[in-house]
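Quantities reported herein were computed from a predicted structural model and do not represent experimental measurements. We're numbering straight along the sequence, starting at 1.
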Amino acid sequence: MGDRTVSVVTVSDRVSSGTAEDRSGPTAVALLESAGLRVIECRVIPDGVESVAGTLSELAGTVDLIVTTGGTGLTSRDLTPEGTRAVLEREAPGLAEAMRAATFGKNPHGMLSRGVAGTIERTLVVNLPGSVSGVEESLEVILPALSHGLELLVSGSSDHNA
């Protein structure tokens with residue numbers, strides 16, 4: 001997967017204002033790189049539909065994968081799924097379902113995550129929770145499927161034997 005490029009976007013009012021340290025973004029970077037993906041950009045943006053949608057639109061087509069961390073919970077400022085859905089062309093619900101399902105019995109807070117996944121052009125977008133453990137648990141379950149998914153998306157081929 002080393003030729004596949006990734007942008008990691010941390011969505012947090014507190015981190016973007018400098019009042020909190022970004023821990024989930026660097027965790028995502030380390031895990032993605034250890035899986036052989038090439039992280040070419042890390043960005044921190046404030047919460048909000050417009051900031052998320054605008055950033056995803058800007059990055060779509062420039063990388064193979066965009067991973068967001070944060071903004072997937074239930075507070076009034078957790079709007080990452082809404083911002084993501086505003087620009088997705090197609091959803092990939094199995095990824096989000098698998099991430100939530102993986103936490104059952106391990107982390108009762110996992111079922112509160114509202115993250116989504118899908119595509120914009122030939123870029124896959126995945127919303128991860130904002131906690132370090134949420135990033136770790138989520139990526140652990142979806143990383144095995146990402147290689148094949150990205151290959152299909154980037155190649156544009158529906159021939160699964162190619």
Side-chain angles (χ1 to χ4, degrees), residues 1 4-35 37-60 62-88 91-120 123-146 149-150:
M1 279 201 293
R4 300 291 173 225
T5 56
V6 184
S7 287
V8 174
V9 179
T10 299
V11 183
S12 169
D13 286 335
R14 292 178 47 225
V15 174
S16 68
S17 70
T19 60
E21 177 186 354
D22 183 9
R23 295 180 56 232
S24 61
T27 299
V29 169
L31 292 170
L32 293 163
E33 288 180 341
S34 71
L37 293 158
R38 188 165 46 99
V39 177
I40 61 169
E41 180 181 9
C42 296
R43 189 181 292 199
V44 177
I45 63 170
D47 288 289
V49 173
E50 295 80 14
S51 62
V52 171
T55 298
L56 296 179
S57 293
E58 177 188 335
L59 293 173
T62 67
V63 292
D64 301 315
L65 173 65
I66 302 168
V67 173
T68 68
T69 68
T72 63
L74 297 176
T75 74
S76 63
R77 292 291 293 158
D78 288 333
L79 298 169
T80 299
E82 287 75 13
T84 302
R85 279 193 185 100
V87 293
L88 285 183
E91 286 201 35
L95 292 171
E97 292 164 6
M99 290 186 289
R100 279 186 284 275
T103 66
F104 290 166
K106 292 196 294 187
N107 179 353
H109 299 162
M111 67 183 81
L112 299 175
S113 177
R114 301 178 314 105
V116 298
T119 61
I120 307 168
T123 299
L124 179 62
V125 179
V126 178
N127 297 156
L128 303 180
S131 68
V132 168
S133 63
V135 168
E136 292 169 342
E137 292 165 356
S138 298
L139 284 177
E140 178 183 357
V141 71
I142 68 166
L143 277 171
L146 284 184
L150 290 171

Note, Val126 side chain near Leu65 side chain (heavy atom, < 4.5 Å): yes
task: Given side-chain contact (heavy atoms from CB on, under 4.5 Å), test Leu124 with Leu95 step by step and report yes or no.
output: CA-CA 11 Å; Leu124 179 62; Leu95 292 171; 4.1 Å; yes
- request: Report yes if the side chains of Thr62 and Glu41 come closer than 4.5 Å at any heavy-atom pair, otherwise no.
  value: no
- request: I would like to know whether Leu128 and Ser24 meet side-chain contact (heavy atoms from CB on, under 4.5 Å); could you show each step before the answer?
  value: CA-CA 9 Å; Leu128 303 180; Ser24 61; over 6 Å; no
- prompt: Should we say atom CZ of Arg23 is surrounded by more than 12 heavy atoms from elsewhere, each under 6.0 Å from it?
  reply: no
field: Smallest separation among heavy atoms of Ser51 and Pro46, with atom names
entry: OG-O, 2.6 Å
- prompt: If you round to the nearest 0.5 Å, how far is CD of Glu50 from CD1 of Ile45?
  reply: 11.0 Å
message: Is it the case that the side chains of Thr80 and Asn127 hold a donor-acceptor pair, with the cut-off being a distance below 3.5 Å and no angle test?
response: no
query: How far apart are the closest heavy atoms of Val63 and Thr5, and which atoms are they?
result: CA-OG1, 3.3 Å
message: Using every non-hydrogen atom in the two residues, find where Leu88 and Ala117 come nearest and quote the distance to one decimal.
response: CD1-O, 3.9 Å
- request: Dump the intermediate steps for side-chain contact (heavy atoms from CB on, under 4.5 Å) on Ile66 and Thr55, then the final yes or no.
  value: CA-CA 10 Å; Ile66 302 168; Thr55 298; over 6 Å; no
- request: Give a yes or no answer on whether the side chain of Thr27 reaches the backbone of Val132 with a donor-acceptor pair at less than 3.5 Å.
  value: no
- request: For the residue pair Val9 and Val67, establish whether any side-chain heavy-atom pair is separated by less than 4.5 Å.
  value: no
Check residues 134-142 and write down every donor-acceptor pair under 3.5 Å in which the side-chain atom is one partner and the other belongs to a residue at least two apart or another chain.
{"from": "Ser138", "atom 1": "OG", "to": "Gly134", "atom 2": "O", "distance (Å)": "2.7"}

query: Who passes side-chain contact (heavy atoms from CB on, under 4.5 Å) against Leu79, sequence neighbours left out?
result: Val49, Glu82
task: Would you indicate whether Arg114, at its atom CZ, is surrounded by more than 12 heavy atoms from other residues, nucleotides or ligands within a distance under 6.0 Å?
output: yes
- request: Search all heavy atoms of Thr72 against all heavy atoms of Pro81 and return the closest pair with its distance.
  value: CA-CD, 4.2 Å
- request: Using side-chain contact (heavy atoms from CB on, under 4.5 Å) as the criterion, point out the one residue from Asp13, Val52, Thr75 that pairs with Asp47.
  value: Asp13
message: Going by side-chain contact (heavy atoms from CB on, under 4.5 Å), name the residues that satisfy it together with Ser76, two or more places apart in sequence or in a different chain.
response: none
- request: Give me the one residue out of Leu150, Asp64, Leu31 that meets side-chain contact (heavy atoms from CB on, under 4.5 Å) with Leu37.
  value: Leu150
message: I'd like to know if the side chain of Ser17 pairs up with that of Thr19 as donor and acceptor (distance under 3.5 Å, no hydrogens or angles considered).
response: yes
